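What follows is one structure encoded as structure tokens, with my remarks underneath.
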Amino acid sequence: MAITAAQVKELREITGAGMMDCKKALTECDGDIQKSIDWLREKGISKAAKKADRIAAEGLSKVIVDGNKACLVEVNSETDFVAKNDQFLELLNKTTETLLNSGVSTLEEALKLPMNGKTIEECFVDATATIGEKITLRRFVVLTKNDGDIFGSYIHMGGKISACAVLKDTTNAEIAKDMAMQVASMSPSYVSRAHMPAEIVEHERAIQEEIMKNDESLKGKPEKVLLGIVEGRVSKSLQEMSLVDQIFFKDQDKKVAQVLKEANTEVIEFVRYAVGEGIEKREENFAEEVAKIGA
């Protein structure tokens with residue numbers, strides 16, 4: 001099938017691989033993006049899993065906590081300059097406060113909520129018209145906890161990243177904030193391996209097995225040895241995705257699991273918003289690069 005420039009660009013944004021490599025991967029995989037990501041990883045060309053969530057749009061996120069509820073919100077703008085605008089900041093703050101106790105769970109419901117005498121959607125339309133850039137409510141989540149639990153929240157770089165963690169049966173505000181900071185800085189996907197869907201583990205195992213097939217240094221090794229190497233590589237890869245298996249950012253000699261055990265608590269859940277993750281960012285010179293490879 002014919003590979004388009006848009007497909008090459010998308011794969012490059014996700015993986016950070018070169019354009020020729022991206023085009024070849026897409027050709028080999030019939031244009032399938034996910035298979036192309038795996039193909040690049042198997043060939044040692046890309047560290048796709050680590051770059052899949054790169055920041056690619058502007059705006060700000062915010063997290064607020066009130067009693068047994070916490071709310072995280074992301075609002076996007078076209079430029080970073082506009083994200084510093086007082087009207088933008090007021091809109092972000094008011095929207096977060098409105099959503100906290102709204103009881104809604106979907107974006108469609110949120111946009112219909114009353115705010116400042118209008119709906120949230122109308123407020124964003126007005127902001128777009130006044131500021132001169134497209135302003136959008138991208139996503140939000142409301143977390144709840146029990147009376148004996150505690151929230152830890154953290155906002156990084158003025159709102160480029162926001163994180164919130166719920167810790168069980170503790171009043172330790174310091175460890176709660178530490179967990180939010182761990183989530184913000186190390187970007188885990190799950191609380192632990194036990195929280196990972198089986199398909200995630202199997203997918204990673206398949207990737208590592210394929211990588212090993214292309215490793216000449218492993219040719220001729222016994223099957224039992226090869227299985228051990230595979231499992232070791234899978235565990236190492238998944239460790240980065242598991243919060244409790246990560247190295248604690250404050251003490252490189254400890255894992256998060258040990259820190260939580262010493263504090264006699266555990267993380268129930270967490271949410272991390274990095275502004276623009278997964279949104280394709282405009283590249284003015286992309287057409288020139290495409291022309292060079294004839295994509």
Side-chain angles (χ1 to χ4, degrees), residues 41 47-55 61 63-65 68-72 74 139 141-157 160-209 211 227-275 277-278:
R41 288 188 65 198
K47 294 183 179 179
K50 295 182 180 180
K51 295 187 177 182
D53 289 339
R54 59 182 290 182
I55 295 176
S61 62
V63 54
I64 61 173
V65 173
N68 283 347
K69 290 184 178 181
C71 183
L72 288 88
E74 178 183 347
R139 54 181 172 170
V141 65
V142 176
L143 301 176
T144 60
K145 71 173 185 65
N146 296 323
D147 288 337
D149 303 332
I150 191 172
F151 287 120
S153 63
Y154 178 66
I155 297 176
H156 184 60
M157 294 177 62
K160 289 301 181 183
I161 298 175
S162 293
C164 186
V166 185
L167 276 67
K168 185 177 181 180
D169 295 333
T170 184
T171 57
N172 190 330
E174 181 179 0
I175 193 67
K177 184 173 182 180
D178 283 347
M179 289 303 107
M181 293 178 73
Q182 179 81 24
V183 168
S185 62
M186 302 306 292
S187 188
S189 300
Y190 305 94
V191 173
S192 70
R193 282 281 297 268
H195 291 79
M196 292 182 190
E199 56 266 28
I200 295 294
V201 179
E202 289 308 311
H203 179 73
E204 186 60 33
R205 183 174 287 110
I207 292 292
Q208 296 302 332
E209 288 174 348
I211 291 173
L227 287 175
I229 294 173
V230 168
E231 290 307 313
R233 290 183 175 182
V234 169
S235 294
K236 184 177 180 180
S237 179
L238 295 181
Q239 176 179 312
E240 299 179 6
M241 301 168 63
S242 167
L243 171 64
V244 298
D245 292 321
Q246 290 180 343
I247 300 299
F248 184 43
F249 77 100
K250 279 188 172 181
D251 186 344
Q252 298 297 300
D253 293 326
K254 293 182 178 180
K255 288 190 175 182
V256 171
Q258 182 181 346
V259 174
L260 290 169
K261 184 177 181 180
E262 290 172 355
N264 196 31
T265 186
E266 61 185 83
V267 174
I268 299 172
E269 63 177 324
F270 64 80
V271 176
R272 177 185 187 271
Y273 281 176
V275 171
E277 57 189 356

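The figures here come from the full heavy-atom set of this structure, side chains too, leaving out hydrogens, waters and symmetry mates. Quick caveat: nothing in here was measured; it's all calculated off a predicted structure.
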Minimum-distance pair of heavy atoms, taken over all atoms of Val191 and Glu269: CG2-CA, 4.2 Å
Validation row: Leu167, Ile175 side chains within 4.5 angstrom (heavy atoms): yes
Side chain to side chain contact (heavy atoms under 4.5 Å, CB included) between Val244 and Lys255, intermediate numbers included: CA-CA 7 Å; Val244 298; Lys255 288 190 175 182; over 6 Å; no
Cationic N near anionic O, under 4.0 Å, Asp178 to Lys250: yes
Any side-chain heavy-atom pair of Tyr190 and Leu243 under 4.5 Å: no
Lys145: partners by side chain to side chain contact (heavy atoms under 4.5 Å, CB included), with sequence neighbours left out: Asn68, Asp149, Phe151, Val166
Ser235 side-chain N/O to Glu231 backbone N/O, donor-acceptor pair under 3.5 Å: yes
Contact check, side chains of Ser185 and Tyr154, non-hydrogen atoms, under 4.5 Å: no
Close side-chain approach of Leu260 and Val267, heavy atoms under 4.5 Å: yes
Shortest non-hydrogen separation from Leu238 to Met196 and the atoms involved: O-CE, 3.4 Å
Partner residues of Arg139 under the side chain to side chain contact (heavy atoms under 4.5 Å, CB included) criterion, sequence neighbours left out: Glu74, Tyr273, Glu277
Arg233 vs Glu204 side-chain heavy atoms within contact, under 4.5 Å: no
Atom of Val63, atom of Ala163 and distance for their closest heavy-atom approach: CG1-O, 4.1 Å
Side chain to side chain contact (heavy atoms under 4.5 Å, CB included) against Thr171, all qualifying residues, sequence neighbours excluded: none
No-hydrogen, no-angle side-chain donor-acceptor test under 3.5 Å, Thr265 and Thr170: no
Flag side-chain contact, heavy atom, 4.5 Å: Ser187 against Arg272: yes
Glu174 CD: over 12 foreign heavy atoms closer than 6.0 Å: no
Glu266 and Lys261: CA distance, side-chain angles, deciding distance, salt bridge (charged side-chain N to carboxylate O under 4.0 Å, His left out) verdict: CA-CA 7 Å; Glu266 61 185 83; Lys261 184 177 181 180; over 6 Å; no
Side chain proximity check, Pro188 to Val183, heavy atoms < 4.5 angstrom: yes
For the student: nearest non-hydrogen atoms of Ile150 and Ala176, plus distance: CG2-CB, 3.9 Å
OG on Ser237 to CD1 on Ile200, rounded to 0.5 Å: 10.5 Å
Residues Met181, Phe249; criterion side chain to side chain contact (heavy atoms under 4.5 Å, CB included); working and verdict: CA-CA 8 Å; Met181 293 178 73; Phe249 77 100; 3.7 Å; yes
Straight-line distance of Ile247 CD1 to Gln182 CD, nearest 0.5 Å: 9.0 Å
Residue pair Cys164, Leu143: steps toward the side chain to side chain contact (heavy atoms under 4.5 Å, CB included) verdict: CA-CA 9 Å; Cys164 186; Leu143 301 176; 4.0 Å; yes
Smallest separation among heavy atoms of Gly152 and Ala180, with atom names: O-CB, 3.4 Å
Approximate separation, where rounding is to 0.5 Å, of Ile268 CD1 and His195 NE2: 9.5 Å
Between Glu240 and Gln246: side-chain donor-acceptor atoms closer than 3.5 Å: no
Verdict with reasoning, Ile211 to Gln208, per side chain to side chain contact (heavy atoms under 4.5 Å, CB included): CA-CA 5 Å; Ile211 291 173; Gln208 296 302 332; 3.9 Å; yes
Residue pair Glu262, Lys254: steps toward the salt bridge (charged side-chain N to carboxylate O under 4.0 Å, His left out) verdict: CA-CA 11 Å; Glu262 290 172 355; Lys254 293 182 178 180; 3.0 Å; yes
